[in-house]
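Note that ligands are numbered from 1 as they come in the structure, with each ligand's atoms numbered from 1 the same way.
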Amino acid sequence: MITIDKHEYGGKLMIDGKPFIMLGGELHNSSAASLDDIQDKFAAMRLLNINTLLVPLSWELIEPQEGHYDFSTLDCTIDAARARGMKVVFLWFGTMKNAISCYTPAWIKTDTKRFFRAQSIPGHSSWTVSPFCREAMECDARAFTAVMRQIREVDQDQQTVLMMQVENEPGILKARRDYCPQAEDAFRAPAPQELIGYLAEHKDNLAPELAEAWDRQGCLTGGDWTEIFGRDADEVFMAWYIASFVEHVAAAGRAEYDIPMYANAWLIMGPGYGPGDYPSGGPLAKVMDVWRAAAPTLDLIAPDIYSPEFRRHCAEYTRNGNPLFIPEAMNTPLAAATALYAIGKEAICFSPFAIDDISEGHPLEETYRLLADMVPVLTDAYGKRKLVGFLQQADEERFDADLGAYRFNARTNKKLAECSVPGAAILLSLSDDEFFCVGRNLTFTFQPKSADRTGELVWLDEGDFKEGKWLPLRRLNGDETAHGTGVMLRDKLSAVRFKLHSYS
Ligand code: DGJ
């Protein structure tokens, strides 16, 4: 049984009761379209200590003719993963892939009458099948159900496939909303009571952007979309209908085989970007509540983080107990830093995109090796507020964090341009005064929480982890600990365990 055990501020992925962290990578979009490629990719990625690959599953290959299925890429992916002791998350490239319907089979693409398109300008069809197209939704759900049935039949016992991403970066591009006739009718109709009821029930915990939009209009509990959400109506409306489409597909598949599912978001890439510059209605943090109300089958929503504001996006996607799952991130050496930060924020999956572009020697390789050997220690701390992640995003940054009986201050060692990998670390408390710290390019000092006392290292060991066990290798002191006052992580990835005490 694969579940996400949720707690107040996130969750833990469990496989038959045993915790797991996906140290992942997402393949290029067309890397799993040939059986030979699939075998080659898994072989290469295992060498990088990746334990889970996020693999596209293309509707056009799965159902080339309506009602006729070809599961060869699906079966091959599962076999290739198993042969190397790896896990899989399938990415269902169905009706929406980057908000476009380019992965639909030819019989869908070419029949624009049966599978009518969204309209970004009234009267002009776009490249996306409309989320108001019931026929497309039913066909997508039927194909996804067939996929889930096949996974259940071939994998229920071995549980190679851990999760499903339903569609990919869904939403509507180049317009704030769909203007096809069916969408126009829905937009003029009263907003659904299921949504309003959800908002009323969760009024004190709504995403601030949505709470503000609703509040600005007087927190109406009835009316059409514009009356209730004012200038945000287009995006909230699209979020409801896109999420409802995804829900229909996800629920049909999950009834066949029950494993966790999620939807991923194309984020707002900078100031001045409005709905339609990014997929309007997609699972952005600001409309997380709309997605929760419309798509209860999904366990979480997930950000694809390509922006330099990695920390902010993690904060937004851990609101209200949403477990952190990062299906796409930059695959540059930065990934070795963002991986540490994400796991410090208790991510259940971290996965750079285009992972098949990286090769041995990339700093992610040693980072994943260390994290893989730490999984029991890390997952033991998940849900207990015993972990903190640190990440350098600019020159000369400082961070504070309270852990155990101490307030820690971390400062960056170098300017970003001078680091092989930006400063990043995980700090984990074993007790009030004993800690693990792993990472690079940061220096920590500490102060007891009681202000009249001074903190000092009792001892500090540098070491390593092997299959969940700590292996001390050398005691550090003197210059290497600023004479008992600091924990110094240099440019090379390192792991230390230390004990503090305080005196008055
Ligand atoms: C985000 C998408 O989700 C991926 O499938 C891929 O198209 C990347 N963008 C390309 O950068």
K.L.:
Counting only heavy atoms closer than 4.0 Å, does ligand 1 sit against the backbone of N168, its side chain, both, or neither?
P.N.:
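For N168, only side-chain atoms sit under 4.0 Å from ligand 1.
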
K.L.:
Assess K97 for proximity to ligand 1: is some non-hydrogen atom of it under 4.0 Å away?
P.N.:
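Yes, K97 has heavy atoms under 4.0 Å from ligand 1.
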
K.L.:
Quick check on contacts: which atoms of ligand 1 are under 4.0 angstrom from a heavy atom of E169?
P.N.:
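Checking each atom against E169, I get 1 (C), 2 (C), 3 (O).
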
K.L.:
Which protein non-hydrogen atom lies closest to atom 10 (C) of ligand 1, naming both residue and atom, and how far is it?
P.N.:
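Of the protein heavy atoms, F353 CE2, 3.7 Å lies nearest.
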
K.L.:
For residues 160-176, pull every pair meeting salt bridge (Lys or Arg N to Asp or Glu O under 4.0 Å), keeping only residues two or more places apart or in separate chains.
P.N.:
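Passing the test, one end in residues 160-176: R176-D234.
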
K.L.:
Tell me, which pairs form a ring-ring contact (aromatic ring centres under 6.0 Å, His included) where one or both residues lie in residues 319-348, sequence neighbours left out?
P.N.:
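Matches after skipping sequence neighbours: Y262-F325.
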
K.L.:
Any donor and acceptor pair, going by atom type alone, linking the side chain of S101 with main-chain N or O of T95 inside 3.5 Å?
P.N.:
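Here the side-chain-to-backbone pair exists.
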
K.L.:
Which atoms from ligand 1 have a heavy atom of D304 less than 4.0 Å away?
P.N.:
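Once the distances to D304 are compared, the set is 3 (O).
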
K.L.:
Indicate yes or no: does E346 engage K12 in a salt bridge with an N to O separation below 4.0 Å.
P.N.:
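Not counted as a salt bridge, because no side-chain N and carboxylate O are separated by less than 4.0 Å.
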
K.L.:
Pairs of nitrogen or oxygen atoms closer than 3.5 Å, one from E328 and one from ligand 1: do any exist?
P.N.:
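Among all N and O atoms of E328, at least one is under 3.5 Å from an N or O of ligand 1.
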
K.L.:
Could you check whether any side-chain heavy atom of V246 comes within less than 4.5 Å of a side-chain heavy atom of L298, counting everything from C-beta outward?
P.N.:
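Counting from C-beta outward, V246 and L298 do come under 4.5 Å.
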
K.L.:
Answer with side chain, backbone, both or neither: which part of W266 has a heavy atom less than 4.0 angstrom from an atom of ligand 1?
P.N.:
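It is neither part, as no heavy atom is under 4.0 Å.
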
K.L.:
Determine, for E138 against R142, whether the closest basic-nitrogen to carboxylate-oxygen distance falls under 4.0 angstrom.
P.N.:
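Looking at R142 together with E138, the answer is no, because their closest N to O distance does not fall below 4.0 Å.
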
